[in-house]
Number of protein chains: 2
Amino acid sequence: MTRSSTRTTSFDVAALAGVSQSAVSRAFTPGSSIAEETRQKVLEAARRLNYVPNSIASSLTTKRSNIVALILGNLANPFYVHVMHAFSRKLQEHGRQVLIFTVDAGAESDDAILQVLKYQVDGVILTSAQLSTRMTSMCHDRGIPIVLFNRYIPGSDASGVRCDNTAGGRLLAEAFLAAGAKSYLIVTGDPTATTSGDRVRGFMDRLIEGGIKRTDITQIEGYSSYEGAFSATIRYFSAPDVKRPEAIFGVNDIMAMGVMDALQLRLGIRVPKDLMLAGFDDIPEGRRAPYHLTTVRQPIDQMVNETLAILHLDEPTRPIERGIDRRIAGRLIWRSTIPVPQGNG
Amino acid sequence: MTRSSTRTTSFDVAALAGVSQSAVSRAFTPGSSIAEETRQKVLEAARRLNYVPNSIASSLTTKRSNIVALILGNLANPFYVHVMHAFSRKLQEHGRQVLIFTVDAGAESDDAILQVLKYQVDGVILTSAQLSTRMTSMCHDRGIPIVLFNRYIPGSDASGVRCDNTAGGRLLAEAFLAAGAKSYLIVTGDPTATTSGDRVRGFMDRLIEGGIKRTDITQIEGYSSYEGAFSATIRYFSAPDVKRPEAIFGVNDIMAMGVMDALQLRLGIRVPKDLMLAGFDDIPEGRRAPYHLTTVRQPIDQMVNETLAILHLDEPTRPIERGIDRRIAGRLIWRSTIPVPQGNG
DNA sequence: GTATTTTGTGAATGCGTATGCATTGTTCGC
DNA sequence: GCGAACAATGCATACGCATTCACAAAATAC
């Protein structure tokens with residue numbers, strides 16, 4: 001059996017069922033005008049022939065592929081695995097397919113988008129990747145909505161959904177301040193991503209409002225990964241004249257986990273006894289026993305829903321929503337890596 | 001701008017470039033007969049019109065979609081995230097698209113396969129999911145190769161690539177025997193998957209050959225997840241009349257990690273001082289400082305390559321390879337969770 | 001210089017389905 | 001019981017591209 005075997009088409013099914021090809025088409029199209037009896041006849045014939053409608057051919061006429069493209073950077077951060085899973089589940093529930101594209105963290109997504117455009121996807125979701133204005137307009141010109149997930153490009157025509165990273169950073173700063181931390185180390189993520197920058201900014205602004213001196217806040221680069229944060233931490237604390245901070249903010253949970261392991265297992269520094277720590281994201285991995293991270297929860301499901309709402313795949317004739325910047329509040333999750341301040345339950 | 005905007009087609013490009021539509025098609029088809037000068041003219045016109053070839057329309061005539069379906073169960077196990085990433089990278093390098101489908105662990109994959117067939121994919125890769133013979137023949141009948149990744153269905157027409165799980169289980173049993181463990185606990189995974197069963201079988205067979213009594217080997221269910229293994233471990237050790245084993249085999253790394261944390265952080269049992277432990281997979285997470293798991297490495301890249309070789313997407317006319325069962329040896333990675341036996345470096 | 005091969009090009013056709021339109025059959029209201 | 005409204009169905013065509021075929025142009029051979 002070679003791969004060029006002739007496939008059964010709606011005409012074959014029509015012949016067996018004794019109806020026209022259009023009747024077959026209608027039998028598989030919900031809401032179209034067909035008698036239930038005829039429909040059953042067609043479905044029975046289709047079953048006997050192992051017929052499956054050809055979505056490729058169908059989308060040629062409908063101009064709808066029912067495919068949504070999901071472009072992912074940084075899969076090394078489990079947060080985006082959970083995001084992918086959430087999108088996948090949700091879209092599958094609605095009978096849509098997910099075309100996955102992985103790009104290196106921080107890389108241009110132009111190639112990915114061009115590939116994806118070839119497939120006439122109904123929408124594009126972009127996480128942790130750059131987006132040029134040329135690609136934005138290419139998508140919009142051909143009527144394909146594109147939504148940035150947890151990314152923000154100022155002045156861009158592309159809409160986006162993100163956690164309120166700045167406010168989240170402030171929440172964590174407040175927690176640290178309440179616990180009495182006076183000096184800080186921030187382990188930052190990918191410098192090309194606004195996510196990290198916004199969190200750091202909110203965090204620092206609040207610290208300074210709280211009376212912390214700028215010279216008591218240091219930043220090091222953690223490369224958005226466990227391993228990057230792990231070794232950055234060891235490097236920092238191994239410097240000869242280092243001033244040990246009282247608190248560390250890992251700009252995402254996976255980095256905070258790397259920091260914590262470096263501190264406790266390599267440097268002999270206990271969390272939170274000797275040093276407080278917080279992350280951001282609230283990934284399930286950070287809830288586990290060894291970490292029990294204090295963090296800010298990004299409400300993935302809500303963010304996914306908002307993203308799909310902006311795509312509004314069900315209403316293809318509605319104009320594309322441009323330049324929307326939906327910010328969703330994160331919630332402080334108080335666990336073990338910041339001691340509960342005295343006087344607060 | 002609504003989504004029904006009229007898209008630019010190869011005819012538009014042809015008109016602007018002053019050539020025929022077929023010339024445009026040829027300009028975008030590598031290896032086709034066209035003068036370089038004409039090609040440049042066409043590409044320039046295409047660029048100016050933001051034209052992108054419509055792969056959907058093209059696959060209607062070529063009967064090749066350049067899409068490969070990847071059906072994933074159990075994304076909670078990071079191993080399969082790495083597998084997905086490896087497939088994604090490899091397929092993208094070859095200019096192919098990845099259609100992702102996630103199914104609940106242990107669930108039927110029939111629906112997923114039917115969906116995927118609608119899109120005339122060039123191949124199907126199935127990880128951790130059941131596969132009915134009906135779906136196998138539906139794929140094969142329409143010339144779509146399907147390969148099971150790390151699954152094995154005895155007597156099935158579908159080909160598969162897997163790690164030699166039985167041999168891997170034996171390797172770990174040998175390591176434990178060499179380290180002198182006399183009593184064992186096995187934390188098993190999804191009972192519907194052969195992966196877990198094979199590993200357990202090889203492990204037990206070798207233990208018994210090594211003189212361990214059956215009564216000194218206990219099995220509990222860890223549900224293939226960190227959380228499942230974590231709580232199963234606590235439950236087991238909290239029973240009133242429990243006999244503490246000297247060694248535990250977590251049938252995959254993520255479960256071994258759960259076991260380890262439960263032991264050390266909840267039960268006060270030190271690894272490997274009080275109790276030895278091993279996993280299976282060699283996921284990067286298990287290499288991290290808190291775990292440093294002794295395990296068997298599944299050679300993901302090699303397995304991915306073998307899988308793609310069986311699909312042989314580049315030679316669509318070659319007959320589908322049926323019933324292949326490619327087993328690839330795993331390698332013992334000796335880290336810290338089994339003490340090195342005396343006399344061995 | 002003509003005969004032969006190679007290369008480049010355009011017109012026509014097919015891929016599998018959805019859908020507007022026309023037609024037939026059916027039901028309902030009065 | 002008659003016309004109108006409506007449901008069900010078939011026919012024909014459009015969708016955007018790749019491919020085949022035929023032919024023109026160019027390159028090579030003699």
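In what follows, chains carry the letters A, B, and so on, assigned in the order in which the sequence lines appear, proteins first and then strands, with residues in each chain numbered from 1.
Using a 4.0 Å heavy-atom distance criterion, A:V24 is classed as making no nucleic acid contact. Residue-level contact check: A:T9 touches the backbone only, with heavy atoms under 4.0 Å from sugar-phosphate atoms and none from bases. Within 4.0 Å (heavy atoms only), B:T38 reaches sugar-phosphate atoms of the nucleic acid but no base atom.
Electrostatic pairing of B:E321 and B:R318 counts as a salt bridge here, judged by a charged N lying under 4.0 Å from a carboxylate O.
Side-chain contact, B:N150 with B:Q298: a donor N or O sits under 3.5 Å from an acceptor N or O.
Look at B:S10 and you'll find a side-chain N or O under 4.0 angstrom from OP1 or OP2 of D:dC17. Look at A:S58 and you won't find any side-chain N or O under 4.0 angstrom from OP1 or OP2 of C:dT17. Remark: B:S25 is in phosphate contact with D:dA18, judged by side-chain N or O atoms under 4.0 Å from OP1 or OP2. For B:Y51, a side-chain nitrogen or oxygen approaches OP1 or OP2 of D:dC17 to under 4.0 Å. A close approach under 4.0 Å does not occur between any side-chain nitrogen or oxygen of A:T61 and OP1 or OP2 of D:dC15. The phosphate of C:dA11 has neither OP1 nor OP2 within less than 4.0 Å of any side-chain N or O from B:S22. Proximity of B:K63 to the phosphate of D:dA18: no side-chain N or O atom is located under 4.0 Å from OP1 or OP2.
At a threshold of 4.5 Å between non-hydrogen side-chain atoms, the residues B:Q115 and A:Q92 do not count as touching.
Note: B:Y51 and B:F11 fail the aromatic proximity criterion, with ring centroids not under 6.0 Å apart. With ring centers used as reference points, B:Y80 lies 6.0 Å or more from B:F149.
In this structure, of D:dG10, D:dT9, D:dG16, it is D:dG10 that holds the atom nearest to the side chain of A:A23.
To the nearest angstrom, P of C:dG16 lies 7 Å from CG of B:L60.
Take the nearest nucleotide of DNA chain D for A:Q21 and for A:S32: the residue whose nucleotide is more 5' is A:S32. Each of A:T29 and B:A35 has a nearest nucleotide on DNA chain C; the 5'-most of these lies closest to B:A35.
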